[in-house]
Peer 1: 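One structure follows; several queries about it will come next.
What you are looking at is a predicted structure, and each value in this text was computed from that prediction instead of being measured.
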Amino acid sequence: MPDIALPFSIAEYQERLVKTRAAMARADIEVLVVTDPANMSWLTGYDGWSFYVHQAVIIMPEGEPLWWGRPMDGVGARMTSYLSPESIHSYPDHYVQSATIHPYQLMAVLLRQYGHASARIGLEMDNYYFTAKCLETLRLELTDAQFIDATALVNWQRAVKSEQELIYMRRAARIVEVMHQRIRDTAEDGLPKSTLIAEIYDASLRGADGFGGDYPSIVPLTPSGTDAAAAHLTWDDRPLRRGEGTFFEIAGCYRRYHCPMSRTIYLGEPPADMLRAEEAVLEGLIDGLEVARPGNTCGDVADAFFAVLAKHGIEKNSRTGYAVGISYPPDWGERTMSLRPGDQSILEPNMTFHFMPGLWGDDWGFEVSETIRITEDGPAECLADVARELIIKP
């Protein structure tokens with residue numbers, strides 16, 4: 001096998017394992033089955049597009065984590081993780097997407113082999129990558145075990161970023177800057193949206209400052225005109241047209257670390273209600289960034305933003321941001337803290353969020369967002385530097 005170029009030091013991986021085991025102990029969990037690929041990577045370094053089949057990292061009370069998955073992906077585990085070959089386990093390939101047998105039958109065998117048939121086992125139950133069939137199979141196979149919902153247990157350990165993680169997020173920020181500049185340079189009346197998306201992908205993968213980009217966990221969200229009243233539409237091959245606005249919710253990505261950022265372009269003369277939304281959102285962003293300090297809560301940031309909207313007579317019913325960092329499709333959020341009223345999560349230095357105050361009217365949408373870092377003693381830092389104003393192109 002080639003030399004492994006781990007994205008982090010072995011010492012950092014060991015620190016993460018210590019933090020995770022401490023969280024397991026607080027939850028009275030003896031064995032943790034981690035199926036979120038971002039958590040698998042954060043704990044071991046494993047990186048591969050294999051999350052469409054069953055795989056996991058298993059944390060036991062002591063020793064190295066175990067990687068478990070498809071045989072051909074076990075090769076990738078040896079190439080991308082720090083784990084020893086003895087810690088990498090596979091199930092036969094005929095278990096993949098079978099209607100009669102299930103890989104978790106063999107996970108149960110593995111847990112028995114390690115003496116954990118009657119353990120208190122934590123599972124990421126509310127997770128894209130863990131199905132009802134997984135839980136049902138484990139309950140049938142390990143009748144003496146107790147199963148505990150450990151959803152987001154590892155995610156919470158990722159909340160405060162290390163210096164190396166911030167380096168990767170800053171590289172992602174440089175990439176998203178280039179992506180938005182490409183949009184500004186390219187978007188024009190008559191250009192097929194699919195052609196513009198090709199430009200966005202080109203910029204995202206060519207990267208910036210000598211660092212090539214990774215694939216982001218969400219495709220470019222780029223609805224135009226009345227479609228922009230919906231927050232999460234993608235694109236087709238229809239051309240951009242005068243008299244329509246388009247928001248671009250995109251992210252730079254480096255070593256799986258994301259820096260999302262949204263900006264909005266209007267071809268022609270924007271409507272008055274969109275200009276009013278722009279004024280309110282930009283003012284609310286400034287107030288929210290000022291409140292995003294250590295010791296305040298996620299809810300405090302949201303309250304500051306929503307107070308500005310209320311002053312402008314604008315109502316928004318969705319959250320205005322969420323924690324971000326390392327991720328895999330279909331989502332670049334960490335699925336822990338949200339910038340919304342009532343979230344009592346305390347902000348700490350080097351937490352990172354996508355501050356996302358989008359507004360959607362009946363027939364238009366407007367988005368301006370920032371990926372922010374909570375600093376040691378001041379207002380939040382914006383990782384990327386792109387002008388926030390509504391981009392108006394005649």
Peer 1: Looking at Ser41 and Tyr46, would you say the former's side chain and the latter's main chain have a donor-acceptor pair under 3.5 Å?
Peer 2: yes
Peer 1: So Thr151 and Glu124, side chain to side chain donor-acceptor pair (under 3.5 Å) or not? Walk me through it.
Peer 2: CA-CA 4 Å; Thr151 301; Glu124 295 177 320; over 6 Å; no
Peer 1: Checking salt bridge (charged side-chain N to carboxylate O under 4.0 Å, His left out) for the pair Arg170/Glu381: CA distance, chi angles, key distance, verdict?
Peer 2: CA-CA 11 Å; Arg170 293 185 195 283; Glu381 171 197 1; 2.6 Å; yes
Peer 1: For Asp36 and Met40, run side chain to side chain contact (heavy atoms under 4.5 Å, CB included): C-alpha distance rounded to whole Å, both residues' side-chain angles, the deciding distance at 0.1 Å, then the answer.
Peer 2: CA-CA 6 Å; Asp36 185 325; Met40 293 174 62; over 6 Å; no
Peer 1: Quick one: which of Glu278, Glu370, Glu279, Glu367 gives a salt bridge (charged side-chain N to carboxylate O under 4.0 Å, His left out) with Arg388?
Peer 2: Glu370
Peer 1: Heavy-atom count check: over 12 atoms from other residues, nucleotides or ligands less than 6.0 Å from Arg112 CZ?
Peer 2: yes
Peer 1: Which atoms form the tightest heavy-atom contact between Asp73 and Trp67, and what is the distance?
Peer 2: C-CH2, 3.5 Å
Peer 1: Examine distances only and state if a side-chain atom of Asp209 and a backbone atom of Phe211 form a donor-acceptor pair shorter than 3.5 Å.
Peer 2: no
Peer 1: Identify whether the distance between the nearest side-chain nitrogen and carboxylate oxygen of Asp185 and Lys393 falls below 4.0 Å.
Peer 2: no
Peer 1: Do Arg16 and Glu12 sit within salt-bridge range, that is, some charged N less than 4.0 Å from a carboxylate O?
Peer 2: yes
Peer 1: Would Arg256 pass as a cation-pi partner of Tyr215, given that its NZ or CZ must be under 6.0 Å from the six-membered ring centre and within 45 degrees of the axis?
Peer 2: yes
Peer 1: For the ring pair Trp364 and Phe366, is the centre-to-centre distance below 6.0 Å?
Peer 2: no
Peer 1: Looking at Tyr257, is Arg255 sitting on its ring face, NZ or CZ under 6.0 Å from the six-membered ring centre and within 45 degrees of the normal?
Peer 2: no
Peer 1: Would you tell me whether Ser50 and Gln55 have side-chain atoms, one donor and one acceptor, within less than 3.5 Å of each other?
Peer 2: yes
Peer 1: Set out, in order, the CA-CA distance, both residues' side-chain angles and the distance that settles side chain to side chain contact (heavy atoms under 4.5 Å, CB included) for Arg373 and Leu166, then state yes or no.
Peer 2: CA-CA 9 Å; Arg373 177 184 76 90; Leu166 290 172; 3.8 Å; yes
Peer 1: What pair of heavy atoms forms the shortest contact from Ser327 to Gly333, and how long is it?
Peer 2: OG-O, 4.0 Å
Peer 1: Just how far is it from atom CG of Asp300 to atom CG of Leu347, taken to the nearest 0.5 Å?
Peer 2: 7.5 Å
Peer 1: Is the shortest side-chain N to carboxylate O distance from Asp343 to Arg319 below 4.0 Å?
Peer 2: no
Peer 1: So, Thr80 side chain and Asp47 main chain: donor-acceptor pair closer than 3.5 Å or not?
Peer 2: yes
Peer 1: Would you say CZ of Arg184 has more than 12 non-hydrogen atoms from neighbouring residues, nucleotides or ligands within 6.0 angstrom?
Peer 2: yes
Peer 1: Among Tyr91, Phe147, Trp68, Tyr95, which residue satisfies the ring-ring contact (aromatic ring centres under 6.0 Å, His included) criterion with Tyr104?
Peer 2: Trp68
Peer 1: Decide yes or no on salt bridge (charged side-chain N to carboxylate O under 4.0 Å, His left out) for Asp227 and Arg238, but give the supporting numbers first.
Peer 2: CA-CA 12 Å; Asp227 285 352; Arg238 288 178 291 177; 2.9 Å; yes
Peer 1: What are the two closest non-hydrogen atoms of Thr297 and Gln344, and how far apart are they?
Peer 2: CG2-O, 3.8 Å
Peer 1: I'd like to know if Leu285 and Ile250 are part of one continuous hydrophobic network [Ile/Leu/Val/Met/Phe/Trp/Tyr, side-chain heavy atoms within less than 4.5 Å].
Peer 2: no
Peer 1: Where is the tightest heavy-atom contact between Val308 and Gly284, given as atom of each residue plus distance?
Peer 2: CG1-N, 3.6 Å
Peer 1: Could you give me the CA-CA distance, side-chain angles and deciding distance for Leu359 and Ile314, then say whether side chain to side chain contact (heavy atoms under 4.5 Å, CB included) is met?
Peer 2: CA-CA 9 Å; Leu359 293 178; Ile314 296 174; 3.9 Å; yes
Peer 1: Ion pair present between Glu334 and Lys161, side-chain N to carboxylate O less than 4.0 angstrom?
Peer 2: yes
Peer 1: Assess whether a salt bridge exists between Asp202 and Arg182, defined as any Lys/Arg side-chain N lying under 4.0 Å from an Asp/Glu carboxylate O.
Peer 2: yes
Peer 1: At their closest point, which heavy atom of Thr35 faces which heavy atom of Ala56, and how far apart are they?
Peer 2: CG2-CB, 4.1 Å
Peer 1: With clusters defined by side-chain heavy atoms of hydrophobic residues (ILVMFWY) lying less than 4.5 Å apart, directly or transitively, does Ile197 cluster with Leu267?
Peer 2: yes
Peer 1: What orientation do Tyr168 and Tyr254 show, parallel under 30°, tilted 30 to 60°, or perpendicular over 60°?
Peer 2: tilted
Peer 1: Would you find a donor on one side and an acceptor on the other, under 3.5 Å apart, between the side chain of Glu315 and the backbone of Ala310?
Peer 2: no
Peer 1: Any Lys/Arg nitrogen of Glu177 or Arg171 sitting under 4.0 Å from an Asp/Glu carboxylate oxygen of the other?
Peer 2: no
Peer 1: Hey, could you give me the CD/OG distance between Gln105 and Ser98, rounded to the nearest 0.5 Å?
Peer 2: 8.5 Å
Peer 1: Is Leu153 linked to Val31 within one hydrophobic cluster, defined over Ile, Leu, Val, Met, Phe, Trp and Tyr using a side-chain heavy-atom separation of less than 4.5 Å?
Peer 2: no
Peer 1: If hydrophobic clusters are built by linking Ile, Leu, Val, Met, Phe, Trp and Tyr wherever their side-chain heavy atoms come under 4.5 Å apart, do Tyr328 and Phe130 end up in the same one?
Peer 2: yes
Peer 1: Locate the shortest heavy-atom distance separating Asn296 from Val291; write the atom from each residue and the value.
Peer 2: ND2-O, 2.7 Å
Peer 1: Are Ile374 and Ile167 connected into the same hydrophobic cluster when the rule is that any two of I, L, V, M, F, W, Y join if their side-chain heavy atoms are below 4.5 Å apart?
Peer 2: no
Peer 1: Is it true that the NZ or CZ of Arg263 lies under 6.0 Å from the centre of Phe248's six-membered ring and within 45 degrees of the ring axis?
Peer 2: no
Peer 1: Going by side chain to side chain donor-acceptor pair (under 3.5 Å), name the residues that satisfy it together with Arg276, two or more places apart in sequence or in a different chain.
Peer 2: none
Peer 1: Is the closest side-chain heavy-atom distance between Leu289 and Cys382 below 4.5 Å?
Peer 2: yes
Peer 1: Please assess Thr246 against Ser224 for the test side chain to side chain donor-acceptor pair (under 3.5 Å), listing each intermediate value before the final yes or no.
Peer 2: CA-CA 4 Å; Thr246 305; Ser224 299; 2.5 Å; yes
Peer 1: Check Arg70 with Asp93, please: is the shortest side-chain N to carboxylate O separation under 4.0 Å?
Peer 2: yes
Peer 1: Could you check Tyr266 against Glu244 for side chain to side chain contact (heavy atoms under 4.5 Å, CB included), going step by step and ending with a plain yes or no?
Peer 2: CA-CA 6 Å; Tyr266 199 93; Glu244 288 187 343; 5.5 Å; no
Peer 1: Do Ser318 and Lys316 meet the criterion of a side-chain donor-acceptor pair at a distance under 3.5 Å?
Peer 2: yes
Peer 1: If you apply the rule salt bridge (charged side-chain N to carboxylate O under 4.0 Å, His left out), what do you find for Glu283 with Lys311, and how did you get there?
Peer 2: CA-CA 11 Å; Glu283 182 183 341; Lys311 183 179 70 173; 2.3 Å; yes
Peer 1: Would you confirm whether the ring centroid of Phe8 sits within less than 6.0 angstrom of the ring centroid of Trp42?
Peer 2: no
Peer 1: Quick check: does any side chain N or O of Thr320 sit under 3.5 Å from a backbone N or O of Leu339, one acting as donor and the other as acceptor?
Peer 2: no
Peer 1: How would you list all residue pairs meeting side chain to side chain donor-acceptor pair (under 3.5 Å) that involve residues 23-33, not counting sequence neighbours?
Peer 2: Asp28-Arg120
Peer 1: Classify the ring geometry of His102 against His54: parallel below 30°, tilted from 30° to 60°, perpendicular beyond 60°.
Peer 2: tilted
Peer 1: If I take atom NE2 from residue His354 and atom NE2 from residue His258, how far apart are they, to the nearest 0.5 angstrom?
Peer 2: 11.5 Å
Peer 1: Out of Val386, Leu383, Thr371, which residue meets the side-chain contact (heavy atoms from CB on, under 4.5 Å) rule with Met261?
Peer 2: Val386
